[in-house]
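Remarks on the structure that follows.
Below, chain A is the first sequence line, B the second, and so on; all start at residue 1.
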Amino acid sequence: MPSLKDLRNRIASVKATQKITKAMQMVAAAKLRRAQMAAEAARPYAERMEKVLANLAGGISGDSAPRLISGTGSDKVHLLVVFTAERGLCGAFNSSIARLARDKAQALKAEGKTVKILCVGKKGYDALKRLFENDIIQVVDLREFKQVGFANAEAITQNILTRFAAGEFDVATIFFSKFKSVISQIPTAQRIIPAEIPAGTATTEAVYDYEPEEGEILETLLPRNLTVQVLRALLENAASEQGARMSAMDSATRNAGEMIKKQTQIYNRSRQAMITKELIEIISGAEAL
Amino acid sequence: MATFKFELVSPERILFSGEVVSVIVPSVEGEMTILAGHAPLVAVLKPGIVMLQTDANNGKEFYVSGGIAEVNAESLTILAEQARFIEDVNLSVLDQEIVTAETRLAGSQDEAEQKRLAEQLVQLREFRGVFEDRKAA
C-alpha cells in the first residue's frame, strides 16, 4: 500500500505531464493550421504542372525521351527517399512511414536488387539504421528550416539529381505521409524517377506551339517537376506531422486526466480509511478506560 | 473587350486568378503579349515582369524569376518558380537571387545544369539592370 505522500507525489507528477501534453497539443493545433494551409496552397501548382507535363510527354516518345522519363533502362539500384519528422511524440506518424519504407526495402532486397536510402529527417534514420545501417547513404537535417519552402525542396532535389547524373541509382521512390485529415494520414510511396506520368490525362486535342523546342522545355520542366513533388512531400508531411501530434497529444491529455481521477480516488479512499482507523483507535482506547 | 482566364501560380500560392484582357509574358525568346484566342502555346520564362490588364485602365504587375507559361483554348496559366507582387521587389531581393544563382553555379557539376544556370545568371543580371533603370525613371 503506497503511503499518502507517495500518492500525492504521483498525482502531482501526472498533472505536470498533463500540462505538457496539453501545451504540445495546442502548439500542434496552431502549427497545423499553417502547415495545412501551405500544403493546400501548393496543390494547384503541382496539379497544373502534372497536366502540362502529361501534355508534353504525350507528344514525346521513343529514344528522344529524356532519361528522367524513360529511366536508365535497368532497375537494379533503387533509391528510397524517406521523409520523416525531426521530432517524436507524434503517434505512429514516423513509424508508419518507416515501416512502409522498410517493407519496400526488404522486398527489393529479396528480389536481389540493391537498395540505397536517403533519409530526410532524423526520425526515419533512427528507425531504419538498425536494419539498413550500410544502405543509408545520407541523412538530410530538416531542423534548421522553420518553414519549409521551395528552396529546401530544391536543395534536396539537387542532391537526388546529382546522384542520378552520377549513375548512383536507376529508380527513385519517395516515402511520405499524405495529409487527409487531422486523424488520418496515409503513408504513401511514389516513384519519381523515372517519372510517373498519369495515364489518360494526356489530351491530344490541342496542338501546342513550343518556345523554345519541345525537348528543351521538357529538360527544364522535368527537374522542376521533381522539385515540386519533393516540395509537396515536405509540405504534406509537415501537415501530417502536426495532425498526428495533435491527436496523439489529445489522447495523452485525456489519458492523464483519467489517471489523475483514478489516483485521486485511491488517495481519498486511503485518507478516509486512515481517519476511520484513527477514530476507532481513539474510541476503543477511551472505552477501555 | 474579349477577356480570358489567367492564373499566376507559384509553388507556395496562387497570386492571381481571374479574367484579363491581355498579359505580357517575359519568354526566353522575347516578351510577348497574350490576348484572348491565342494559339495553344507552351513557353519557358526568364526573370522579368508579367504585366496584365484587367480592362483598358487597370493593370497589375508581378515579378517572376522564371517558370513556364501554358496557353490553351480558354486560359493562360503561368507556373512561376518564384513570383512576387512588383511592390515587394527591390534591388536587394534581386541581388540575393543573383548570389544564390552564383553559389549554385559554383557548386554544380553537371554540364547541362551549369549551362542552364549560367544562362539564368545572365538573365538575372540583365533584369537587374532593367529594374534599376525602371526605378530611376
Looking at A/Ile183, I'd like to know if its CD1 atom is crowded, meaning that more than 12 non-hydrogen atoms belonging to other residues, nucleotides or ligands lie closer than 6.0 Å. no
Under a 4.5 Å heavy-atom cut-off, does chain B meet the side chain of A/Leu231, its backbone, both or neither? side chain
Taking side chain as everything from C-beta outward and backbone as N, CA, C, O, which of these in B/Ala80 sits under 4.5 Å from a heavy atom of chain A? Side chain, backbone, both or neither. backbone
When the 4.5 angstrom heavy-atom criterion is applied to A/Leu161 and chain B, the contacting part is neither
Are there more than 12 heavy atoms of other residues, nucleotides or ligands under 6.0 Å from atom NZ of A/Lys178? no
Side chain, backbone, both or neither: which part of B/Ser10 has a non-hydrogen atom closer than 4.5 Å to chain A? backbone
Over 12 foreign heavy atoms within 6.0 Å of CZ, A/Arg87: no
side-chain contact (heavy atoms from CB on, under 4.5 Å) test vs A/Pro44 passes for just one of B/Thr77, B/Leu79, B/Ile14, namely B/Ile14
Answer yes or no: is there an ion pair linking B/Glu7 with A/Arg48, defined by an N-O contact shorter than 4.0 Å? yes
Is it the side chain or the backbone of A/Glu40 that comes within 4.5 Å of chain B heavy atoms, both, or neither? neither
Taking atom CZ of A/Arg33 as the centre, does the number of heavy atoms from other residues, nucleotides or ligands within less than 6.0 Å exceed 12? no
Rounded to the nearest 0.5 Å, how far apart are CZ of A/Arg224 and CD1 of B/Ile68? 7.0 Å
Greater than 12 external heavy atoms within 6.0 Å of B/Lys5's NZ: yes
Sort B/Val28 into side chain, backbone, both or neither according to what part of it lies under 4.5 angstrom from a heavy atom of chain A. side chain
Contact winner vs chain B - A/Ala42, A/Ala39, A/Pro212, heavy-atom pairs under 4.5 Å: A/Pro212
Contact class of B/Glu29 relative to chain A, heavy atoms under 4.5 angstrom: both
